[in-house]
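Beneath this line is the structure, given in structure tokens, with notes to follow.
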Amino acid sequence: MKRPRQDDNDTSVSFLDVIACAFGAIALLVLILPIGDWATETVPSDAADYGRLLFRLAGVEGEVAALEREVAENEALAAQAATDLDDAEAANRRIQSLVERTREESDRLRRRSAAIAASQAIQEQERTSPAPEKELQVDTELAGIPVDSEYIAFVVDTSGSVMGNIFLPGIWDRVRVEIGNVLSLYPQIRGFQILNDQGSYLLSSSKRRWIPDSPANRRRALDRMRTWQPYSGSNPAPGILTAVRDLYAKNRKMAIFVFGDEYQSNDFNGFLEEVDRGVATRTLGGASLRIHGIGFWNQGFEAIGGVDSSASSRNFGILMRELTRRHQGAFLALPAESPPSRVFVVRREGVLRGD
């Protein structure tokens, strides 16, 4: 059965009607709303202004924070640059100071080198040229002793025959005078020392080292000898070996003077070999060692002791002649009486020779 057709105009709106209504609404809005010059400014509300201000303030604060961070970073960079500049200036000053010190040291070394070269030239000239003879006037009997040493050590017999006892007056004062005479032959030396035949030092404060040479130190040493009484064995070998061991050194010109009046033994070879071994163990480059002997003829000792005592005095002379010959020295035997005699001496090739 066919359904009856309903009328569409009663229940729905056609598409054209909808379109027409839309265009109508747009036309109405155009007519109603103010456009262009006819538009009027609407007054914003307070809430909207506050919101916009807050928004703008937040943006400005962000920009300020960013600028502050940039300023802080720039200040840090400036401070670091200033520190680096200060460090660079300090380093530059240090470098300038080092350069100046280096220049001064170089100048000093050049002056020193020139002085050394001049000194070497003078020494070479003195070595190749004949030395001028200097005439001296000395109250001594010691002419003939080489005087080219720079350090002098005395090894002195301090036995009873030299220092004296209840039986003998001794010759100690004369020994002191002759030590002073020997020192007068060396007006300028670097040091001296005094030991006894057993190796005991006159001044314990200067043990194993040189006494600086000066007139005051010479007087002090000779005055100290007045009351010096160390043990003695009348054998100078220990004193010689002690002087060589303690005082001999490289590039040092040294002389040992042995003072005595007797040698109470017939063992010459044993003594000489002992000294030779001690000197050989200390043979050093550029150094030179002389051993001199000063013998005293002790009349009082000979009178009391008799023939045997006289033989011990002769033994000392025999021993010293051989010892000094082996070690580039000189031996002098002084007479029994020793009044100072004025002797004119001339320095020839480092030796004082009497006229």
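Residue numbers start at 1 and run along the sequence shown.
Proximity of Leu319 to Leu272: side-chain heavy atoms (C-beta onward) are separated by under 4.5 Å at one or more points. Looking at Arg174 and Leu334, their side chains come closer than 4.5 Å, going by heavy atoms from C-beta outward. Residues Val175 and Phe296 meet the side-chain proximity criterion, which asks for heavy atoms closer than 4.5 Å. In this structure, the side chains of Met163 and Gln229 come closer than 4.5 Å at one or more pairs of heavy atoms. Side chains of Phe259 and Val155 form no contact here, defined as non-hydrogen atoms less than 4.5 Å apart. Inter-residue side-chain proximity for Ile189 and Glu150 is flagged as unmet; no heavy-atom pair is nearer than 4.5 Å. Residues His292 and Phe331 fail the side-chain proximity criterion, which asks for heavy atoms closer than 4.5 Å. A heavy-atom distance below 4.5 Å is found between the side chains of Ser206 and Leu203.
Taking the ring centroids of Trp210 and Phe192, they lie at or beyond the 6.0 Å cut-off.
For the atom pair Leu289 CG and Leu247 CG, the distance stands at 10.5 Å (nearest 0.5 Å). Atoms CG and CZ, from Asp276 and Phe271 in turn, are 9.5 Å apart once rounded to the nearest 0.5 Å. Here Leu202 contributes atom CG and Lys207 contributes atom NZ; the two are 13.5 Å apart, rounded to the nearest 0.5 Å. We find the CZ-CE distance between Phe154 and Met225 to be 9.0 Å, quoted to the nearest 0.5 Å. Summarising the geometry, atom CD belonging to Glu70 is positioned 10.5 Å from atom CG belonging to Leu77; distances are rounded to the nearest 0.5 Å. Expressed to the nearest 0.5 Å, how far CD of Glu262 lies from OG of Ser161 amounts to 4.0 Å.
At distances below 3.5 Å, at least one donor-acceptor pair connects side-chain atoms of Thr242 with backbone N or O atoms of Pro238. Side-chain atoms of Ser265 come within 3.5 Å of backbone N or O of Asp267 as a donor-acceptor pair. No donor-acceptor pair under 3.5 Å is formed between the side chain of Ser312 and the backbone N or O of Tyr263.
Ion pairing between Asp148 and Lys253 fails under the 4.0 Å rule for side-chain N and carboxylate O. A salt bridge is defined here as a Lys NZ or Arg NE, NH1 or NH2 lying under 4.0 Å from an Asp or Glu carboxylate O, and Arg326 with Glu322 meets this definition.
Side-chain contact annotation: Asn266 with Asn315, donor-acceptor N/O pair under 3.5 Å present. If you check the side chains of Asn181 and Glu178, you find a donor sitting under 3.5 Å from an acceptor. Side-chain polar atoms of Ser159 and Asp157 form a donor-acceptor pair below 3.5 angstrom. Side-chain atoms of Gln328 and Ser288 form no donor-acceptor pair, as typed in the model, at a separation below 3.5 Å. Between the side chains of Tyr201 and Asp246, at least one donor-acceptor pair of N or O atoms lies under 3.5 Å.
Contact detail for Ala243 and Ile256: the closest heavy-atom pair is CB-CD1, 4.1 Å. The two atoms that bring Thr158 and Asp197 nearest to each other are N-OD1, 3.4 Å, heavy atoms only. Scanning all heavy atoms of the two residues, the minimum distance from Pro212 to Asn217 falls at O-ND2, 2.6 Å. For the pair Gly293 and Met320, the tightest heavy-atom approach, listed with the atom from each and the gap, is CA-SD, 4.2 Å. For the residue pair Leu222 and Arg176, the shortest heavy atom distance occurs at O-NE, 3.0 Å. In plain terms, the two heavy atoms of Gln198 and Asn235 that are nearest each other are NE2-O, 3.5 Å.
Taken together through direct or relayed side-chain contacts under 4.5 Å among Ile, Leu, Val, Met, Phe, Trp and Tyr, Ile152 and Leu195 form parts of separate hydrophobic clusters. Residue Leu185 is not grouped with residue Ile291 when hydrophobic side chains (ILVMFWY) are merged at heavy-atom distances under 4.5 angstrom, including chains of intermediate members. Val147 and Leu332 end up in the same hydrophobic cluster when Ile, Leu, Val, Met, Phe, Trp and Tyr side chains are linked at under 4.5 Å. Under the 4.5 Å side-chain heavy-atom criterion for ILVMFWY residues, a single connected hydrophobic cluster contains both Leu183 and Ile294. Hydrophobic clustering keeps Val244 apart from Leu241 (ILVMFWY residues linked when any side-chain heavy atoms are closer than 4.5 Å, directly or through intermediates).
A side-chain hydrogen bond (donor to acceptor under 3.5 Å, both in side chains) with Asp213 holds for exactly one of Gln188, Arg218, Arg190; it is Arg218. Screening Val258, Val156, Leu323 against Pro236 for a side chain to side chain contact (heavy atoms under 4.5 Å, CB included) leaves a single residue, Val258.
In this structure, Arg220 places its CZ atom where only 12 or fewer heavy-atom neighbours from other residues, nucleotides or ligands lie under 6.0 Å away.
Taking the six-membered ring for Trp and thresholds of 30 and 60 degrees, Tyr186 and Phe257 have ring planes more than 60 degrees apart, a perpendicular arrangement.
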